[in-house]
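What follows is one structure encoded as structure tokens, with my remarks underneath.
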Amino acid sequence: MAERRTGGSEAGYSRRAMLAAAGGLTVATSGCVRQVRSIVNRDDIEQLSLTITTRPADGDRESIQLAREIAAVFDAVGADVSIEMRSNEEVNRAILFNYDFDVYVGQHPGGTDPDFLYEALHSLYADESGWQNPFGFTNLHVDELLEEQRRVDPADRDEAVADALEAIALEQPFVPICVPEEHRLVRTDRFDGWGDRHPATGPGYLGLDPSDGVDGIRAAHTDARPSENANPIMAEYRDLEAFVDLLYDPLAIEIDGELTAWAAESWDWNDGTLAVTLRDDLRFHDDDALDASDVAFTYRFLADTTLGEGVSPSPSPRYRGRTSAVDADAIEFDDDEGRVELPVDANRPVAERALTVPILPEHVWKPRSAAADLPGVRVAQGTTEAVVTDNWPPIGSGPFRFSSRSEREHVTLERFDDHFTRRSGVELPEPTVETVRFQIDPRSTSAIELVNTNEADITSDALETYVLDGVEETDDTRLLESPSWTFYHLGFNARKAPFSNPRFRRVVARLLDKAWLVEEVFHGHARPIATPVPEEWTPGSLEWNGEDPETPFLGTDGTGALDVEAARSAFEEAGFRYAADGTLRVRQ
């Protein structure tokens, strides 16, 4: 599905016509040859033509609205622009796996720690799949700064992070636009405790206090993908969701901004090694024991899903960044002692992020290290069964286990009564109900209606911002606001010209009136940003001060009114040119 805007007509010649003319010439002298080559080379300069890839309105209303506004400014500066709408999984597949895009608009999962940018932008990952550098961005200086914030003394990390963020803002590998507010409607007559922990995470569904007779959580979920695929490492089906957290245990989990021991009883940090002690008698949902060997296997598997049997490593499409500092080949473990030693080439704050990945059962996932074999489908070299399986039924060790599902209708989990959080003496939030049912309902408006009519207890995805002003709280319902670390952005495919040019990207960033977009698209329920990290990590040099301090809008702030002549001058100053008909010309 594509919408097309056209900035201007061609000036009377085409590449095909020029090649045909050149082919008909009899060239007698070297001077003529140079002349012909010059003519043909000039034909490579054509009007900028690009496609904006995004989700349709029923998948992400804000993204398609942003795409339309961005298309309008591209059109105004003389580009030929179209919009291509794809489903959630198709967009992720095009961007994260096939690199089949020019630019895209969407929501990035972000992170509470700025180290997520190492995964997002380091040039080592430019050819990997998943959220590992989908932009294909390469810059050795940025690489060095991203590495530096991993290695400096934690006391000096703020400064190192600031240096990295300023370099990234200079390069604009993507344009951060805004952080949306997160709101969910919950029923307070059936549960107390909503909001004690973040509802986008598994702990948000634990430790709730149900009313008498209430034995299940009913969640209205607007994203159908959890009902279609349960693979925790499959990037196109996973965004932020509590689904994986409830099924799988990590060694540690973030609660209230603090990293808390979870499946790990404890860990020690000693000279670049995390020495982890597991809790006693951990078990998977199929009753197999969760041993230290499963933990060691998980880190080796996330680093290379072929387990060393491929021509080259085939890393997991998810969790790559969190575990990249772990030397997977040097992990030591002792099943009898329940001990695992993770050698980590990073400072302690970054190293401990590695503890937050889901522990995978070796007996389930090791057979999936084999090369994928899909009848009738050409499979890329290095693709393993692990990254194509839909993983039904999922076997984890988390506080809930899989019960049933109907595609695009529901996924139901049931309490895992053997989970360690239910043991006496364990002071962690535990499952207090027998079931969690994610009822798929694709629209925020109808999800709200399910809560209002007492058919659901929570809208588990963040509500679209356009509905927020119309939500009415009652004696039995409450609009719950939660911190957000996801952000909307415009992503460039730096593998292609002119998106590979930082000067071009910086001018594009200056076409966007972010403050106006927040009001126009998000109805004010978002925060414009110049850098994509949480506010506590934002250096003073990149704080929003009424305008973007690095790439200020080329127009009147807050009105959306672009100064087209100033924008065209900026492109020309950046080395690009305009034809007489006003079209922006770039080398193809």
Side-chain angles (χ1 to χ4, degrees), residues 109 112 179-223 226 239-247 253-258 260 262 398-400 410-416 419 421-422 426-441 443-465 467-486 525-526 534:
T112 56
V179 174
E181 296 175 6
E182 283 196 21
H183 294 271
R184 293 168 177 82
L185 189 64
V186 298
R187 288 202 71 87
T188 54
D189 58 337
R190 283 172 49 89
F191 290 97
D192 283 335
W194 291 120
D196 289 351
R197 288 162 291 280
H198 202 295
T201 67
Y205 294 79
L206 305 178
L208 298 173
D209 183 12
S211 301
D212 290 343
V214 174
D215 58 6
I217 299 172
R218 307 163 304 173
H221 203 67
T222 55
D223 187 347
D239 288 330
L240 280 181
E241 57 184 45
F243 180 68
V244 171
D245 292 348
L246 294 175
L247 287 169
I253 202 164
E254 191 170 300
I255 298 178
D256 300 332
E258 297 292 330
T260 304
W262 191 250
F400 285 87
H410 77 95
V411 181
T412 301
L413 312 181
E414 62 184 16
R415 186 169 61 203
F416 183 42
H419 196 257
T421 54
R422 292 180 56 77
V426 175
E427 300 296 329
L428 289 170
E430 63 175 295
T432 55
V433 292
E434 294 179 3
T435 61
V436 179
R437 179 183 174 93
F438 293 94
Q439 180 72 38
I440 308 301
D441 197 293
R443 302 301 297 270
S444 288
T445 48
S446 47
I448 290 169
E449 186 64 17
L450 289 176
V451 173
N452 283 333
T453 56
N454 198 13
E455 296 174 80
D457 299 311
I458 181 173
T459 56
S460 44
D461 286 322
L463 293 171
E464 295 168 286
T465 54
V467 305
L468 291 177
D469 290 338
V471 177
E472 294 183 3
E473 297 175 299
T474 69
D475 291 342
D476 298 328
T477 63
R478 178 164 68 97
L479 196 58
L480 183 68
E481 183 172 2
S482 310
S484 178
W485 52 86
T486 66
H525 297 292

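This is a predicted model, so every value here is computed, not measured.
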| request: Please step through side chain to side chain contact (heavy atoms under 4.5 Å, CB included) for the pair Phe243 and Val436, ending with a clear verdict. | output: CA-CA 10 Å; Phe243 180 68; Val436 179; over 6 Å; no
| Derivation and outcome, side chain to side chain contact (heavy atoms under 4.5 Å, CB included), residues Tyr205 and Val433 | CA-CA 9 Å; Tyr205 294 79; Val433 292; over 6 Å; no
| task | Under the side chain to side chain contact (heavy atoms under 4.5 Å, CB included) rule, what do Thr477 and Val471 come out as? Steps first, then yes or no, please. | result | CA-CA 10 Å; Thr477 63; Val471 177; over 6 Å; no
| said: Quick one, Asp457 with Arg437, criterion side chain to side chain contact (heavy atoms under 4.5 Å, CB included). Give me CA distance, side-chain angles, the key distance, then yes/no. | reply: CA-CA 10 Å; Asp457 299 311; Arg437 179 183 174 93; over 6 Å; no
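Under the 3.5 Å distance criterion, the side-chain polar atoms of Ser211 are matched with a main-chain donor or acceptor of Asp189. A donor-acceptor pair is defined here as one N or O able to donate and one able to accept, closer than 3.5 Å; no such pair exists between the side chain of Arg422 and the backbone of Phe416. The closest donor-acceptor contact from the side chain of Thr260 to the backbone of Glu254 lies at 3.5 Å or more, if one exists at all. In this structure, the side chain of Thr459 engages the main chain of Leu185 through a donor-acceptor pair within 3.5 Å. At least one donor-acceptor pair under 3.5 Å links the side chain of Thr188 to the backbone N or O of Asp476. Counting only distance, with no hydrogens or angles, the side chain of Arg197 and the backbone of Pro429 share no donor-acceptor pair below 3.5 Å. Under a 3.5 Å cut-off, the side chain of His419 and the backbone N or O of Glu430 do not form any donor-acceptor pair.
Heavy-atom minimum distance, Asp245 versus Pro203: OD2-CD, 4.4 Å. Residues Ile448 and Val467 share a closest heavy-atom pair of CD1-CG2, 3.8 Å. Minimum interatomic distance between Pro226 and Val411 (heavy atoms only, all atoms of both residues): O-CG2, 3.4 Å. Arg184 and Asp461 make their closest contact through CG-O, 3.8 Å (heavy atoms, listed as atom of the first residue, atom of the second, distance). Of all non-hydrogen atoms in Pro199 and Leu480, the two that sit nearest each other are CG-CD2, 4.0 Å. The two atoms that bring His198 and Thr201 nearest to each other are O-OG1, 2.7 Å, heavy atoms only.
At least one side-chain heavy atom of Phe438 sits under 4.5 Å from a side-chain heavy atom of Leu246. With a 4.5 Å cut-off on side-chain heavy atoms, Ile217 and Phe191 count as touching.
Ring geometry, His525 versus His183: the interplanar angle exceeds 60°, so the pair is classed perpendicular (tilted spans 30 to 60°).
Separating the CG atom in Leu463 from the OG1 atom in Thr222 is a distance of 8.0 Å, to the nearest 0.5 Å. Considering CZ of Arg187 and CZ of Arg218, their distance stands at 7.0 Å, rounded to 0.5 Å. Separating the CZ atom in Arg443 from the OG1 atom in Thr445 is a distance of 5.0 Å, to the nearest 0.5 Å. Taken from OG1 in Thr421 to CD in Glu427, the straight-line distance is 11.5 Å, to the nearest 0.5 Å. Rounding to the nearest 0.5 Å gives a distance of 9.5 Å between CD of Glu481 and CD of Glu182. The line from CD1 of Ile255 to CG of Leu206 is 8.0 Å long, rounded to the nearest 0.5 Å.
Within a 6.0 Å radius of CG in Asp475, other residues, nucleotides and ligands contribute 12 heavy atoms or fewer.
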